[in-house]
Every structure is written in C-alpha cells, then in structure tokens.
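Here the structure comes first, spelled out in structure tokens, and everything after it is commentary.
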Number of protein chains: 2
Amino acid sequence: MSVVRLASTARAAAKSVQSSSIDACLDTIIKGDCVAALERLPEKSVDVIFADPPYNLQLDGDLHRPDHSKVDAVDDHWDQFDSFAAYDAFTRAWLLAARRVLKPNGTIWVIGSYHNIFRVGTSLQDLGFWILNDVIWRKTNPMPNFRGRRFQNAHETMIWASRDQNAKGYTFNYEALKAANEDLQMRSDWLFPICTGSERLKDENGDKVHPTQKPEALLARVLMASTKPGDVVLDPFFGSGTTGAVAKRLGRHFIGIEREQAYIDAAMARIEAVEPADAKTLKIVAGKRAEPRVAFAVLLETGLLKPGTLLTDAKRRWTATVQADGSLAVGGEQASIHRMGARVQGLDACNGWTFWHYEEDGELKPIDTLRAEVRKQMAAAGA
Amino acid sequence: MSVVRLASTARAAAKSVQSSSIDACLDTIIKGDCVAALERLPEKSVDVIFADPPYNLQLDGDLHRPDHSKVDAVDDHWDQFDSFAAYDAFTRAWLLAARRVLKPNGTIWVIGSYHNIFRVGTSLQDLGFWILNDVIWRKTNPMPNFRGRRFQNAHETMIWASRDQNAKGYTFNYEALKAANEDLQMRSDWLFPICTGSERLKDENGDKVHPTQKPEALLARVLMASTKPGDVVLDPFFGSGTTGAVAKRLGRHFIGIEREQAYIDAAMARIEAVEPADAKTLKIVAGKRAEPRVAFAVLLETGLLKPGTLLTDAKRRWTATVQADGSLAVGGEQASIHRMGARVQGLDACNGWTFWHYEEDGELKPIDTLRAEVRKQMAAAGA
DNA sequence: CGCTGGCATGAATCAGGCG
DNA sequence: GCGCCTGATTCATGCCAGC
C-alpha cells in the first residue's frame, strides 16, 4: 500500500500510513484494497464517507440497441461476485471497516441500484448504522430500456445514515439547503443529468476512463448537505475521483482509496486541475422544459377523466373513446392521443392535448385544460 | 379464518377456503393471518401480488418482544438486531407463502420506505424472486420534516419482481404505458399526490380509517402496467382495500387478506360502491409482438410476390432474388429474409421485413407492406 | 459564423414461439 | 426442456461534419 500525494497539497511525506494521525492522509489517494486501507487509518477520524461500491450487476450476454449497436456494459472484473452471499460478505467487511474510522457524529452515504442497494441497506442496519434518509437521484437523461420489457431505469438510490441510532450531532445544513431550494425544504428526490460531455474523463483513445463516473453536481449537493468547510470526506471506492474533485472545490479535505493505478492517475490529474471556487455547481437543475411533461394516463389515474369518456375535435368531426390504459380508440384501432389525432386527420403529427376535447356543461374544452390542473399539483413537487 | 364475500359478487358460499380452486376466493376478503391464509390458497393461482406490508416494529403484534422488556442504551444495538431479525423472519414467511400461490409467470409488487424496504428487497432476492425494477413513488404533497434534521421524505419505494430469474413471460403492457406517456417509455419514477380529500376513508368521527391508505392512482398504474383484464390480483395486507377498489374498477379480480374486522368492513363498503369500467374501454394497446406471425412464403403462395422478383435494401446497396421456396438468393447463397439481411450487412441479426424492399410504380416499399396486406386478409377471414 | 442533421452513447440483471 | 429461428426494440444529449 502506498500513499499518492497531490503536489499542490503536499505535506510532510509519510512512509506508511500511521494510525496515530489522519493529517498525513488528507487530500491523498491511498492505493490498495479498501478494507486493508481503512484498517490502517485511525478510528473516529473522518466526518463523512461517500461510497460508490460495485453494483454486482450480474449481466449475462450482450445487449444491442435497436440500431444494432452494442451497449458498452459494465463488465469489469471488480463488479464480479459469485453470489449474493459473497457480495454480502464484501459489503459487511468494508462497512465495518468504514464505521471504525467514522467519527461518532459522522455520516455515511452509499449509492447503488436495485441490484445491490437492498443488500447494502440491510447490512447498514445490521451493523448498527441508523438510516436518516434514502435519497433518489432522478436522471434527466437515463439510458432507455431497449427491449421494452421493463420500465426505463431512470434513477439510482443513495442511503444516508449516521454511525449510531443515537447520534444527534451529525451535520445537516438544513437552512442552507432550504435557501438554495426556493425556500422549500430539500426533498429526498433529486434531479440531475448523468455525467457526460466535457466533465466525463476520457483517455487518449477517447474512451471513458471509468464506466460509472458520477456527476459533480450530485456530489456537490451531498457535501453541501452533510459537511462543513474543512471536514474530512473519505471515499473508499475513489474511481475517477469525483468525490475528491468536489471536496477540493468546496473547501473540504478528501481521502481516497483505490486499487487501480489507471483510475488513480486520472483522478490525480483531474483534482490537480480543480480550482476551489464558488458553489455554483449546487444550482438546482430546473429542467430544460418550461412546463413539466404530463402523461395522459395521469388524467385517468387521478380520476380527472374516466375510461369510456368520448372525446372529439373542436368541430366534432371525429370521436374517440378514452381507454383505461391511456390510449384512444377509434373504430377498433388504439393509439396515443397524439398518434390518434394525427391518424384521423391523415397527418404525420398532431398535438393531442389541444386537438381532443371533452364536454362539460354542454361546452367543449380541450383536454389541455385538465393537463393544466395536473400541473398545478405537480408544481408543488418541483417536478 | 373466514371468507368475507361482497354481496354484489356473491357465489356459492364456502365454509372454508379450499385448496382445490381459486374461484371461490375471487373478489373476496379473507379474514385472518396472512401466512395462514396464503397457505390455504392453491399454488400457482395468482397473476399479481401487491403488498403493502407493515414496517413499524413496535406497533405490530407479531413483532413484539415476548417480555415487553425495556432495554437501556447499551443494549440498543442488540435490540435493533433482534427487531430486524424478527422482521426478516416475518418478511421471509409471508414472501415464501406468497411465492407459492404466484403463477410461474406472475409478478409481485412490494411497497415500503427506508425503514423496511431494504429488508424486503434482500429477502426477495434470497428467496429466488428476480427484481425487474424498483419504482419510486414521488409524492407531490409529502409531509414536511418538522425537526429540520433530515431531508423531506418525499417518496416511497416499490419493488417489482418476477417469481423466478428465468421467467420471461410476465405481463408488462409496454405499448400501452408508452402510448399513455406522451409516446415515451414509462420511467421508474412516478409522481402522484398522497391520498387525501374525498378519496381518503374516514370513520364516523371523521378520523382516517387506515393510517397508510394508498392513492388509487398509484394502484391504477401498477395494475395497468402488469396485469390484463380478468387477471387475479392478491393483496395480503388488504387494509382499506385500495387494491380491491382499483382492481374492480379496471376489470381485474382481487383477493384480499386482512386481520382487522374494522378494515374489512370499511373495504367492503368501499368496493361495493365502485363502478366497474366498461369492458370495451379496458382493451389494452397491443404492440407488434401481438400481431400474428406471417411466413414469408405466404406472400408467394398468395401471389403478392412472385419467384424471381428482385428485392433491395432502401438504398439499393444490395439486391436479392426471391426463390420459390421462400428464401432469398444473393450470389449463389440462399437464406431466410432475416438471415440474408444480416449477412449482406455483416450483422448478427436483421429484421428482413423492414430491411428488404420491392419496387412498385418506381417506388421502393418494404415487404412489411405486403405482410400488412396479408394480415388484413387474415383478420377479415377471422383467423 | 450559426444552424441543422447525423451519429455516438450512458451502472442494463432487456424475447418468444415452435418443433 | 432444449435448440433454432423469427423479428421486435431507444431517450436525451453532446459532438461533429456539412452547408
């Protein structure tokens, strides 16, 4: 095991990591196995841990897009486990080691997907951590489900937990978050894009350096919520170093642990280039659309429209029946409000919201009226 | 244990639930413990299970410690562990019993919060269920966090799982969901208000009948996504009967299991009042998968294509000759329309119906046009 | 220089019928 | 149950080439 020190933050070099002081490890990347590295750190020395452990994806075979291109899957050796039992053993080992280095009032964040997050949450609870929240990262631009056999997997889950049930003194910057969120409490569902574009680290071939690089905006909110300036943030699966980059920018210290030299090299160069700056990355993603999208099905699900209701165009030339599944039926055919509007008119496209009308008090009103009703409710959720 | 039958759906009364037939239980509420009730139902008889299990360890009778002893702080950790172990045992018991009554291609939904959902997900995986998605119910109007010590808990988590890893034939109305969602595939994060107003059941004192009544809109999307009309939906923690009310409205059968007579009474009255949707409006949008298969040879047999006809791709890069046996010939090689389409392009797979074109009036048209013609004839013949 | 259309790609547990 | 064959299936975004 060795300590990789960033030149810009160099201090007195340590030949080996001493248990007596955490200072020697600040703003460094420790190369090695995460449990072994954690065990050599002093206990109760870290304010917050952010961990992005392997997800144990269990992929089998290739997946192709409808255009026949191959999906570049996460098939790295570090994501391979023989069984749930093996994954659980791995999880308990690193969580136990992580808990030792956490200060009594420290908190831990772990991110995962449905493949692993339930195992992680169970282990956290079994080891004595106390869950404070689960937080949903909603992706603005998730990968589609190409085969149409499931819902589009459009989120990941983070668990935020304190070291102990009775730890009351953990850091939570409630007022700052509220002020940054239009004076509303910060909710447990966050909306951010996935990491793409210039933020995404690429190698000399233009390939992504790390398959699962997290967006800095996500880490920024995590650190702004649960740390204070000068706090020590540890990331036991450092990868491409997002945690370190954001910690440096926000004036927090980081400690990274990583096994792969290629990731360490990339992370070092990345963090070197970080300019400690203002907190503009915390800016909330307002969404690119002025108005949130509303599924027609919501009108049925919420009872604003009932299956069997007849819709017509403004001049009553065509009539369609609302189906329970959220489609419209005309003469035995079923399609979405938009496609059916286009079809009856013989057009390529049509805005079903303004084309189709329902009758109320003898008056024809566009179903867009009902959409406005739904949006009023949605506005409260900051959707 | 007794069966509570709704008057409007009365059948021959059964003194006790027989394992020989599920029909006697349809559209009824079984009073009793959920594991015992499940064990008396016939195996592989239910299409979908929706479960909203209890998670408050202190309020659930089965989960009380036998001696009701008060533990001091030192023992807290072990107390938690005991509680979690008891909850896990409870969870495994009902999930195992539920899995037995589920059809091989059935699916299960379980809803919970961070208090219990990780235990549930782990148990599901350990018992052999295969998680298809976790789905987030985002609340438009969640309760605030009054202490300001955590994020506002603005969502709940649902897990959707098939009975087995290799069960591929489960119901997922992909096309219908997409049509009802602005022609975009349905995501894993859903936005709905919590159950309030006139939908919320109140007793004679104006108090809510059930503490965790779920909104009908949520159940409507669950059932529209994963069931077909006439399917059997079982809810082992029936409570105020939202599952039953929505199932009746959408033309699905329900089976409820509930211990508390007060909940049963309220649920019965509620479901009685539900007006079922017209059967015609329940028809679900079908995708191309549901279309009957057409052998390419039929185009030859019906004379829509003749042997010797030349087919090309849309850009006329390749040309193939239609053989009398229903294969395509290119440069001395013969293969199916799909294989040959893949071969000339150097791909693993290809949909020959959309790849190969014939010329008519100087215009290139995909042979899929001819397949549509055949299907129209088949439909007219009532095939 | 700006606009547009084509192309690439992201933590993915991604098929079903028939013989 | 296994093997073979058919043939269905994608959203948001960034980048680049071409005009």
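Hydrogens, waters and symmetry mates are skipped; everything else that's a heavy atom, side chains included, is used. Naming convention: chains lettered A, B, ... in sequence-line order (proteins, then strands); numbering from 1 in each chain.
Backbone-only contact: A:Asn153 has heavy atoms under 4.0 Å from sugar-phosphate atoms and none from a base. Residue contacts for A:Gly61: at a heavy-atom cut-off of 4.0 Å it reaches a base atom on one of the strands shown. Residue B:Cys350 is classed as a base contact, given a heavy-atom separation below 4.0 Å to a base. Note on A:Leu63: a base of the nucleic acid sits closer than 4.0 angstrom, heavy atoms only. A:Asp52 comes within contact range of at least one nucleobase, with a heavy-atom separation under 4.0 Å. No contact: A:Asp60 has no heavy atom under 4.0 Å from any strand. As judged by a 4.0 angstrom heavy-atom cut-off over every strand, B:Gln185 is placed among residues touching the sugar-phosphate backbone only. Using a 4.0 Å heavy-atom criterion, one finds that B:Glu291 contacts no nucleic acid atom at all. Among the atoms of the strands shown, base atoms are found under 4.0 Å from some heavy atom of A:Pro53.
What separates CG of B:Asp348 from P of D:dC5 is a distance of 14 Å, to the nearest Å. Note: CD (B:Glu182) to C1' (D:dA12) measures 16 Å, nearest angstrom. Atom pair A:Gln152:CD and C:dA12:P shows a separation of 11 Å (rounding to whole Å applied). A:Asp75 places its CG atom 12 Å from the P atom of C:dG10, with the value rounded to the nearest Å. In this structure, CD of A:Gln213 is placed 15 Å from C1' of D:dG14, rounded to the nearest angstrom. If you take NZ of B:Lys168 and P of D:dC2, they are 14 Å apart, rounded to a whole angstrom. One interatomic measurement links the two molecules: NE2 of A:His64 to P of C:dG10, which rounds to 15 Å at whole-angstrom precision. Taking atom CZ of residue B:Phe172 and atom P of nucleotide C:dA12, one finds them 17 Å apart after rounding to whole Å.
A close approach under 4.0 Å does not occur between any side-chain nitrogen or oxygen of A:Lys70 and OP1 or OP2 of C:dT9. Within the 4.0 Å cut-off from OP1 or OP2 of D:dT6, not a single side-chain nitrogen or oxygen of B:His338 is found. A close approach under 4.0 Å does not occur between any side-chain nitrogen or oxygen of B:Thr354 and OP1 or OP2 of D:dG7. Under 4.0 angstrom from either OP1 or OP2 of D:dC11 there lies no side-chain N or O belonging to A:Asn141. Close to C:dG10, at under 4.0 Å from its OP1 or OP2, lies a side-chain N or O of A:Lys208. Side-chain nitrogen and oxygen atoms of B:Arg289 include none within less than 4.0 Å of the OP1 or OP2 phosphate oxygen of D:dG7. Note on B:Tyr170: every side-chain N or O is 4.0 Å or more away from OP1 and OP2 of C:dG16. Distances shown here put every side-chain N or O of A:Arg200 at or beyond 4.0 Å from the OP1 or OP2 atom of C:dA8.
On a pure distance criterion of 3.5 Å, no polar donor-acceptor pair joins the side chain of B:Arg371 and the base of D:dG7. At a cut-off of 3.5 angstrom, counting only N and O atoms as typed in the model, there is no donor on one side facing an acceptor on the other between the side-chain of A:Asp76 and the base of C:dA11. In the interface, the side chain of A:Lys214 is paired with the base of C:dA11 through a donor and an acceptor atom under 3.5 Å apart.
In this entry D:dT10 has no Watson-Crick or G-U wobble partner, no candidate having both defining distances under 3.5 Å. Partner assigned to C:dC14 is none, using Watson-Crick or G-U wobble distances below 3.5 angstrom. Pairing of C:dG6, defined by two Watson-Crick or G-U wobble distances under 3.5 Å, is identified with D:dC15. Using Watson-Crick or G-U wobble geometry with both donor-acceptor distances under 3.5 Å, D:dC2 finds its partner in C:dG19.
B:Glu43 has no carboxylate O lying under 4.0 Å from a charged side-chain N of B:Arg99, or vice versa, which leaves the two without a salt bridge. Salt bridge present: B:Arg371 and B:Asp368 bring a charged side-chain N and a carboxylate O closer than 4.0 Å. Using a cutoff of 4.0 Å between basic side-chain nitrogens and carboxylate oxygens, B:Lys228 and A:Asp325 are not scored as salt-bridged. A salt bridge links A:Lys139 and A:Glu156; the closest N-O separation between the charged side-chain nitrogens and carboxylate oxygens is under 4.0 Å.
Cation-pi contact between A:Arg221 and A:Trp190: present, with separation from the ring centre below 6.0 Å and deviation from the ring axis of at most 45°. Cation-pi geometry between B:Arg163 and B:Trp130 is not met: the NZ or CZ atom fails to fall both under 6.0 Å from the ring centre and inside 45° of the normal. For the pair A:Arg149 and B:Tyr170, the distance from NZ or CZ to the six-membered ring centre is under 6.0 Å and the angle to the ring normal is within 45 degrees. Relative to the ring axis of B:Phe172, A:Arg150 does not place its NZ or CZ within 45° and under 6.0 Å from the centre.
Nearest to the side-chain atoms of A:Val74 among the listed nucleotides C:dA11, D:dT6, D:dT10 stands C:dA11. Counting only heavy atoms from C-beta on, B:Lys288 has its side chain closest to D:dA8 among D:dA8, D:dT10, D:dC11. Checking D:dT10, D:dA12, D:dG7 against every side-chain atom of B:Asn351, the shortest atom distance belongs to D:dG7. When distances are taken from the side chain of A:Ser69 to each of C:dT9, D:dC11, D:dT6, the shortest belongs to C:dT9. Here the side chain of A:Arg147 is nearest to one of C:dA11, D:dG7, D:dT10, namely D:dG7. Of the candidate nucleotides C:dG17, D:dT9, D:dT10, C:dG17 has the atom nearest to the side chain of B:Arg293. Taking only side-chain atoms of B:Ala349, from C-beta outward, the nucleotide of C:dG10, D:dG7, C:dA12 with the closest atom is D:dG7. Of the candidates C:dC14, C:dA11, D:dA12, the closest approach to any side-chain atom of A:Leu57 belongs to C:dA11. Closest to the side chain of A:Thr212, from the set C:dA11, C:dG10, C:dA15, is C:dA11.
If A:Arg149 and B:Ile131 are placed on DNA chain C by their nearest nucleotide, the residue sitting closer to the 5' end is B:Ile131. Nearer to the 5' terminus of DNA chain D, by closest-nucleotide assignment, is the contact made by B:Asp368 (compared with the other of A:Gly197 and B:Asp368). The 5' end of DNA chain D is approached more closely, in terms of each residue's nearest nucleotide, by A:His68 than by the other of A:Thr196 and A:His68.
Comparing the C1' positions of D:dA17 and C:dC1 gives an interatomic distance of 15 Å, to the nearest angstrom. Spacing between C:dG10 and D:dT10 at atom C1', rounded to whole Å, works out to 12 Å. The P atoms of D:dA8 and C:dA12 are separated by 26 Å, rounded to the nearest whole Å.
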Would you sort out whether B:Trp109 and B:Ser226 count as a side chain to side chain donor-acceptor pair (under 3.5 Å), showing the intermediate values?
-> CA-CA 10 Å; B:Trp109 293 80; B:Ser226 58; 3.0 Å; yes
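Looking at B:Thr312 and B:Arg317, their side chains never bring a donor and an acceptor atom within 3.5 Å of each other.
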